[in-house]
Peer 1: 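Starting off with a structure, shown below.
Order of the sequence lines sets the chain letters (A, B, ...), proteins ahead of strands, with each chain counted from 1. Just so it is clear, the structure is predicted and the values come from calculations on it, not from any experiment.
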Amino acid sequence: MTQSTKNVRTRFAPSPTGSLHVGGARTAIFNWLFARHFNGEFILRIEDTDQERSTDESITEILDAMQWLGLDWDGKPFRQSERLNIYQEHANKLLESGHAYKCYVTPEELEEKRKEAQSKGEVLRYKREWAKLNESPNNPYAIRLQTPDEGTIEVQDLLRGTITFDASEVDDFIILKRDGFPTYNFAVVVDDATMDITHIIRGDDHLINTPRQVLIYNALSYDIPQIAHVSMILGADNKRLSKRHGATSVVAFKDQGYLPEAIINFLSRLGWSYGNQEIFTKEELIEKFTLDNVGKSAAVFNEEKLEWLNSWYIKNEPPEKIGELVLPLLKEKGLNIDIDEKLIKIIKELSQRAKNLLDIADTIDYFYADGIEFEEKAKSKFLTPAIKPVLSDITERLSDLSEFNTDEMHKVFDQVMEERELKLGKIAQPIRVSLTGGTVSPGIFEVMDILGKDEVLKRLNKALDVIPNEDVSN
RNA sequence: GUCCCCAUCGUCUAGCCUGGCCCAGGACAUCGGCCUUUCACGCCGAAAACAGGGGUUCAAAUCCCCUUGGGGACGCCA
């Protein structure tokens, strides 16, 4: 890639009309990685020029999500709504230089013309003479850029090379709305130029806007930054990812117990790759990310793979860290505990079986319950009169242990198995049901170790109480 | 409809730029097996793709063209 990578400065420019969705997050990640890779700067710019749809809640949500993902930005986020005078100055300059003109036609009139064209199966082409409609010093106006009528407009894309558009495809478009706010294309150019952005990485839905932006750069005599259009993320049906596809916002995944590491890892690999490597730490991503390995085709959001990555991180991150993350979930369930040796042991076991943090919180109950309930099916299948003597025997021997550790437990079980000529498979499930109430849990020795001697004996005795005695009359 | 982009297993992708090492490699998911104390984990294995057609070339997944398919854009939204 023959691009300059000195003083790199990238930006993420969300519009605050909702929370951060995964597509936006991927764009943010690429820009962030690119900047960090080249020791450059990554700035945030809130594109809130749509007064109707922009909200402060969205801004907060987006910034929170960015922070949660660990995408730190340099300096204070810019807000376009606070830079109106800058856009107006630039628009006036274009007015003076003859690159732009005032247009008095109303949105309503245009809408009517648009409908008319549509009914004829056509697309509305703006005609320059409409600008004069309603012209009067007192009437509001928008400002339009005067665009060339013929020739071509070339766009240089870092990923796709030179893309040529016919000038006739671009009609005179609005740069400043009648409310004094800039339109997207204009604000983007003015901002990227005045904010010294060196590299723009954005979704390829913006590719079609780029010739317009090129025209603005030229009219303003600004240099054009390096631009890379990455392909979009699609849903499983190959359609543009939207709410219809279920969870698409970053917070939704957070709420479902996903780790930021998994999301970053997953999203980074959508459209980018590094040989056959699947797992990347943040540091590795920064080290290895360049535009050279970014692909051009659209990627389908594959939630199963995200899930796999998430379970990988849950298994491989330090249990202390996972513990910190599940603590609030446990609080929600009324389990007010702190990180201690017991919790860490539990996490080590449960994380092997969890796809997300919720799984851990959902399967932890019996470790802390004061008196467990037996699942009916489990009870009737495994807590049988036939097994009662065995359970009773084991309970007695366990209670005799002075050292209650897994080695000693194993010895007890080995003895019982040998004396009674039973396989572990025969006694493990009754023990498991006795200790956890159900048929699914980590290994019984681990469970006993975590529960401790007193609790184990308590539960075994309770189980013995509920098992009817074997009918010995016959 | 017009314009723009894209095209390797179901999915994410390696390989493509700099043709031969590719009867195409990895991962997720699927299926089978092993391990086993349940559930998982883990390990081993299987099935699974160069969209189609023309060129160029001794040789094409790799270069060119067309077709087809998919996506995107056609706003005083961003």
Peer 1: Nearest whole Å is fine: how far is B/rA78 C1' from A/Gln213 CD?
Peer 2: 11 Å
Peer 1: Give a yes/no on whether any side-chain N or O of A/Arg114 is located under 4.0 angstrom from OP1 or OP2 of B/rC76.
Peer 2: yes
Peer 1: For residues A/Gln80 and A/Arg83, is any side-chain donor paired with an opposing acceptor at under 3.5 Å?
Peer 2: no
Peer 1: Using a cut-off of 6.0 Å, state whether more than 12 heavy atoms not belonging to A/Glu112 lie near its atom CD.
Peer 2: no
Peer 1: Going by side-chain contact (heavy atoms from CB on, under 4.5 Å), A/Leu95 matches just one of A/Ile175, A/Ile143, A/Leu176. Which one?
Peer 2: A/Ile143
Peer 1: Once you apply a heavy-atom cut-off of 4.0 Å, does A/Thr49 come out as touching a base, just sugar-phosphate, or nothing?
Peer 2: sugar-phosphate
Peer 1: Can you confirm whether the side chains of A/Asp166 and A/Ser168 place a donor and an acceptor under 3.5 Å from each other?
Peer 2: yes
Peer 1: For B/rU2, give its Watson-Crick or G-U wobble partner with both distances under 3.5 Å, or none.
Peer 2: B/rA73
Peer 1: Can you tell me how far P of B/rG75 sits from OH of A/Tyr184, to the nearest Å?
Peer 2: 16 Å
Peer 1: Please report, rounded to the nearest Å, how far the C1' atom of B/rC77 is from the CG atom of A/Asp179.
Peer 2: 12 Å
Peer 1: Rounded to whole Å, please give me the gap between NE2 in A/His206 and P in B/rC74.
Peer 2: 10 Å
Peer 1: Expressed as a whole number of angstroms, how long is the span from A/Asp166:CG to B/rA73:C1'?
Peer 2: 16 Å
Peer 1: Tell me the interatomic distance from A/Ile208, atom CD1, to B/rC5, atom C1', rounded to whole angstroms.
Peer 2: 8 Å
Peer 1: Would you mind pulling out the nucleotide paired to B/rC63, Watson-Crick or G-U wobble, both distances under 3.5 Å?
Peer 2: B/rG55
Peer 1: Pick the nucleotide of RNA chain B nearest each of A/Gly121 and A/Thr183; which residue has the one closer to the 5' end?
Peer 2: A/Gly121
Peer 1: Quiz question: by atom type and distance under 3.5 Å, do the side chains of A/Gln277 and A/Glu284 form a donor-acceptor pair?
Peer 2: yes
Peer 1: In whole angstroms, how far is the P atom of B/rC76 from the OH atom of A/Tyr104?
Peer 2: 18 Å
Peer 1: Is A/Lys426 atom NZ crowded by more than 12 heavy atoms from other residues, nucleotides or ligands, each under 6.0 Å away?
Peer 2: no
Peer 1: Using heavy atoms to find the nearest nucleotide of RNA chain B for A/Tyr141 and A/Leu234 separately, return the residue whose nucleotide is more 5′.
Peer 2: A/Leu234
Peer 1: Is the CD atom of A/Glu135 crowded by more than 12 outside heavy atoms at less than 6.0 Å?
Peer 2: yes
Peer 1: Going by purine N1 to pyrimidine N3 plus the second Watson-Crick contact, or the G-U wobble pair, all under 3.5 Å, which nucleotide sits opposite B/rC39?
Peer 2: none
Peer 1: Applying ring pair (Phe, Tyr, Trp, His ring centres under 6.0 Å), name anything that partners A/Tyr104, two or more places apart in sequence or on another chain.
Peer 2: A/Tyr141
Peer 1: Return a single string for nucleotides 35-49 of chain B, one symbol per nucleotide in 5' to 3' order, where B is base contact, S is sugar-phosphate-only contact and - is none, cutoff 4.0 angstrom on heavy atoms.
Peer 2: --BBBBS--------
Peer 1: Quick one: label A/Arg240 by what it contacts on the DNA or RNA (base, sugar-phosphate, nothing), any heavy atom closer than 4.0 Å.
Peer 2: sugar-phosphate
Peer 1: Quick one: what's the B/S/- string for nucleotides 8-18 of chain B, heavy-atom cutoff under 4.0 Å, read 5' to 3'?
Peer 2: ---BBSS----
Peer 1: Between atom CD1 in A/Ile163 and atom P in B/rC3, what is the gap in whole Å?
Peer 2: 16 Å
Peer 1: Just name whichever nucleotide pairs with B/rU30, Watson-Crick or G-U, keeping both distances under 3.5 Å, else none.
Peer 2: B/rA46
Peer 1: Hey, does the side chain of A/Lys177 come within less than 4.0 Å of B/rA78's phosphate (OP1/OP2), counting only N and O?
Peer 2: yes
Peer 1: Quick one: does A/Asn209 reach the base of B/rA78 with a side-chain donor-acceptor pair under 3.5 Å?
Peer 2: yes
